[in-house]
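Input: a single structure, listed below in structure tokens.
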Amino acid sequence: MKLLQDILYKVRLEGVVGKTNVAVESIHSDSRAVRPMSLFVAVKGLQSDGHSYISKAIELGAAAIVCEELPENLEENIVYVQVANTSKALGIMASNFYENPSEKMKVLAVTGTNGKTTVATLLFRLYRSMGFKCGLLSTVVNRINEVEIPSTHTTPDAVALNDLLARMHREGCTHVFMEASSHALHQNRMAGVQVDGAIFTNLSHDHLDYHGSMNEYIKAKKILFDQLPSTAYAVVNADDRYYDALVSACKGRVRTYALHTMADYKAKLIENSLEGLQINIDRFELHSPLIGEFNAYNLTAVFAAAVELGTDPTTVLVHLSSLGAPEGRFQYIRKQDGTTAIVDYAHTPDALENVLNTIQSVRGQEEIISVVGCGGDRDRTKRPIMASIAANKSDRVIVTSDNPRSEDPKAIIQEMVDGLDPIQKKKVLSVTDRREAIEVACSLAKPGDIILIAGKGHEKYQEISGVKHPFDDLQIITELFQTN
């Protein structure tokens with residue numbers, strides 16, 4: 001239980017009706033979760049406006065309301081607090097309510113279009129292997145040391161985020177590694193969280209259905225770096241053309257990493273094969289079971305972030321060299337006849353191109369057969385682009401369903417195919433059922449060929465018409481390899 005006046009610490013107030021010494025037992029932005037002695041925060045969302053549910057929250061027992069616009073009729077014995085931006089206020093209040101857990105641990109946040117999960121997970125595994133108690137907040141799973149907590153969002157909402165951070169602190173965690181999505185940054189879910197280090201991986205076409213343009217997408221990512229205190233640091237990919245814009249207002253120390261341009265942490269890719277990578281980072285040499293140039297970037301980012309955190313470089317290399325890829329990130333299995341299947345979360349044009357470039361760089365005469373889909377109710381502009389990339393960089397392509405959600409799977413597939421020229425279309429088959437598409441890929445593959453199953457990676461479901469059905473790409477391809 002906290003007093004409202006303490007929860008409001010550092011929140012810019014525009015007006016208060018009532019006394020703020022009222023006791024609060026919980027904070028909610030969803031009126032359905034409100035119970036007696038709750039604080040309800042009316043947040044304006046994409047689908048609904050929390051201001052419409054103020055009366056409902058009061059009926060359920062809310063003791064105080066935080067809003068941008070005061071209701072016309074004010075209830076007696078209810079405290080009303082007016083602020084300019086309730087989503088930002090929610091983050092600060094949630095942090096205060098949980099006693100500012102981020103200030104008691106080292107928090108590193110990773111943002112970018114691709115690589116967030118890999119970098120955050122590698123950092124978590126790295127520090128766990130060195131004996132630290134750590135927390136992980138990622139697309140795949142949340143972890144408090146070795147305890148798994150299912151993940152529903154890349155970055156949780158402000159209340160859930162601070163609840164998790166508080167639990168991590170209670171369990172003795174000294175370090176937290178988290179993904180910071182553009183949606184979360186734009187929606188102020190991380191407001192009030194003290195970040196000690198921010199990592200930028202790369203920026204490419206994604207989430208334009210939400211942000212509207214690349215400029216707005218960049219602005220959302222930039223929030224993470226704009227809010228860093230002077231005591232923090234930023235590790236950014238100097239090979240990405242957007243990196244300079246992202247850190248233009250950064251108050252913390254900025255360190256760069258790169259493979260192709262000058263940087264504070266300059267890496268050179270020495271060897272790339274299905275057996276793994278050999279990378280030189282300045283005077284240090286790193287061997288890793290991970291594959292591909294994109295993972296050379298991820299490993300360099302992890303190395304730089306750990307060193308900037310004050311960890312001995314040699315110790316970092318020893319532990320980092322033994323770490324494998326996170327679930328659903330370039331995971332591969334081999335059949336007895338030499339056929340290889342790769343499961344990867346690549347669901348953006350850039351990620352798909354990176355994965356296919358990597359496969360091309362390590363193959364011999366083997367053919368590449370790609371199974372590719374695009375999600376429903378998401379950025380439609382990338383559909384024809386992804387189909388074209390798959391056709392250009394594969395020998396055969398099966399276009400199929402991903403998570404069609406509320407859309408017609410056949411319509412999504414048609415939008416993908418519409419982006420192909422006549423030559424590309426000769427390589428492509430359309431198979432709506434995803435399992436059948438994977439089966440077709442297996443039937444087309446000759447001994448030694450490489451099958452890429454892209455788009456879902458770690459996900460254990462397929463969402464169709466609002467219903468999530470069990471579906472695991474890796475499990476399915478493993479079963480098919482064992483039975484055929």
Side-chain angles (χ1 to χ4, degrees), residues 113-115 202 204-208 291-295 328-332 339-363 365-376 378-404 407 409-446 448-457 459 462 471 473-474 476-477 480:
T113 304
N114 304 309
N202 51 66
S204 62
H205 186 128
D206 198 19
H207 300 308
L208 299 194
I291 299 167
E293 185 181 75
F294 63 96
N295 272 322
R329 269 62 179 177
F330 214 91
Q331 276 187 289
Y332 64 94
T339 306
T340 299
I342 297 168
V343 174
D344 194 89
Y345 188 52
H347 62 286
T348 68
D350 185 57
L352 182 62
E353 187 166 26
N354 283 338
V355 169
L356 285 167
N357 283 342
T358 295
I359 296 172
Q360 287 187 337
S361 70
V362 298
R363 73 163 171 170
Q365 299 301 311
E366 306 92 346
E367 289 196 340
I368 301 172
I369 302 167
S370 295
V371 179
V372 181
C374 287
R378 297 295 186 270
D379 185 358
R380 295 174 60 180
T381 63
K382 68 182 181 184
R383 294 173 183 174
I385 300 171
M386 289 184 66
S388 181
I389 289 170
N392 286 338
K393 296 184 177 292
S394 311
D395 297 286
R396 300 295 300 272
V397 178
I398 297 97
V399 179
T400 188
S401 300
D402 189 313
N403 290 316
E407 288 193 64
K410 292 181 180 179
I412 297 172
I413 291 170
Q414 190 60 52
E415 287 188 17
M416 294 180 72
V417 174
D418 285 345
L420 303 175
D421 63 36
I423 295 175
Q424 290 173 323
K425 285 181 179 178
K426 291 181 180 179
K427 294 183 178 183
V428 176
L429 294 172
S430 297
V431 180
T432 305
D433 182 87
R434 190 174 180 90
R435 183 186 178 94
E436 185 182 342
I438 296 172
E439 291 173 348
V440 170
C442 289
S443 69
L444 293 175
K446 303 182 298 297
D449 284 350
I450 300 173
I451 301 169
L452 170 64
I453 306 171
K456 290 178 58 59
E459 293 179 346
Q462 188 173 30
F471 198 100
D473 283 348
L474 185 63
I476 289 169
I477 191 63
L480 291 171

Does one side chain, of Asn114 or Thr348, offer a donor that lies under 3.5 Å from an acceptor on the other?
yes

Under 3.5 Å, side chain of Gln331 to main-chain N/O of Gly328, donor-acceptor pair present?
yes

Within the structure provided, determine whether Leu452 and Ser394 are in side-chain contact (heavy-atom separation under 4.5 Å).
no

Shortest non-hydrogen pair, Ala391 vs Val428, comes out as CB-CG2, 4.4 Å

If you take all heavy atoms of Asp395 and Glu366, which pair is closest and at what distance?
OD2-O, 4.3 Å

Can Glu367 and Lys446 be counted as an ion pair, charged N to O under 4.0 angstrom?
yes

Heavy-atom nearest pair, Pro349 first then Ile389, reads O-CD1, 3.4 Å

Does the Ser388 side chain pair with the main chain of Gly419, one donor and one acceptor, at a distance under 3.5 Å?
no

Lys/Arg N to Asp/Glu carboxylate O, Glu407 vs Arg383, below 4.0 Å
yes

Are Ile342 and Ile359 close enough, and set up right, to give a side chain to side chain contact (heavy atoms under 4.5 Å, CB included), and what steps lead you there?
CA-CA 9 Å; Ile342 297 168; Ile359 296 172; 3.8 Å; yes

Counting N and O atoms only, with roles assigned by atom type, does the side chain of Asn295 sit under 3.5 Å from a partner on the main chain of Gly292, one being a donor and the other an acceptor?
no

Distance (rounded to the nearest 0.5 Å) between Ile450 CD1 and Thr339 OG1:
9.5 Å

Looking just at side-chain N and O atoms, do Asp418 and Gln414 make a donor-acceptor pair shorter than 3.5 Å?
yes

Using distance alone, with no hydrogens and no angle criterion, decide if Glu293 and Asn354 have a side-chain donor and acceptor under 3.5 Å apart.
no

In Å and rounded to the nearest 0.5 Å, what is the OG to CD1 distance from Ser401 to Ile413?
4.5 Å

Any side-chain heavy-atom pair from Pro404 and Gln462 closer than 4.5 angstrom?
yes

If the plane angle is over 60° it's perpendicular, under 30° parallel, otherwise tilted; pick one for Phe330 and Tyr332.
perpendicular

Just verifying a value: how many Å separate Phe471 CZ and Glu459 CD, rounded to the nearest 0.5 Å?
11.0 Å

NZ/NE/NH1/NH2 to OD/OE distance under 4.0 Å, Arg378 and Asp402:
no

Using modelled atom types and a 3.5 Å cut-off, is there a donor and acceptor pairing between side-chain atoms of Asp344 and backbone atoms of Ala454?
no

Does any N or O in the side chain of Arg329 come within less than 3.5 Å of the main-chain N or O of Ala346, such that one atom is a donor and the other an acceptor?
no

Of Glu353, Gln424, Lys427, which is the lone residue that meets side-chain hydrogen bond (donor to acceptor under 3.5 Å, both in side chains) with Asn392?
Gln424

To the closest 0.5 Å, what do you measure between CD1 (Ile453) and CD1 (Ile477)?
4.0 Å

NZ of Lys382 to NE2 of His347, rounded to nearest 0.5 Å, is 5.0 Å

Let me know which of Val397, Thr400, Leu444 forms a side chain to side chain contact (heavy atoms under 4.5 Å, CB included) with Leu429.
Leu444

Cys442 side, atom SG; Ile476 side, atom CD1 - distance, nearest 0.5 Å
10.5 Å

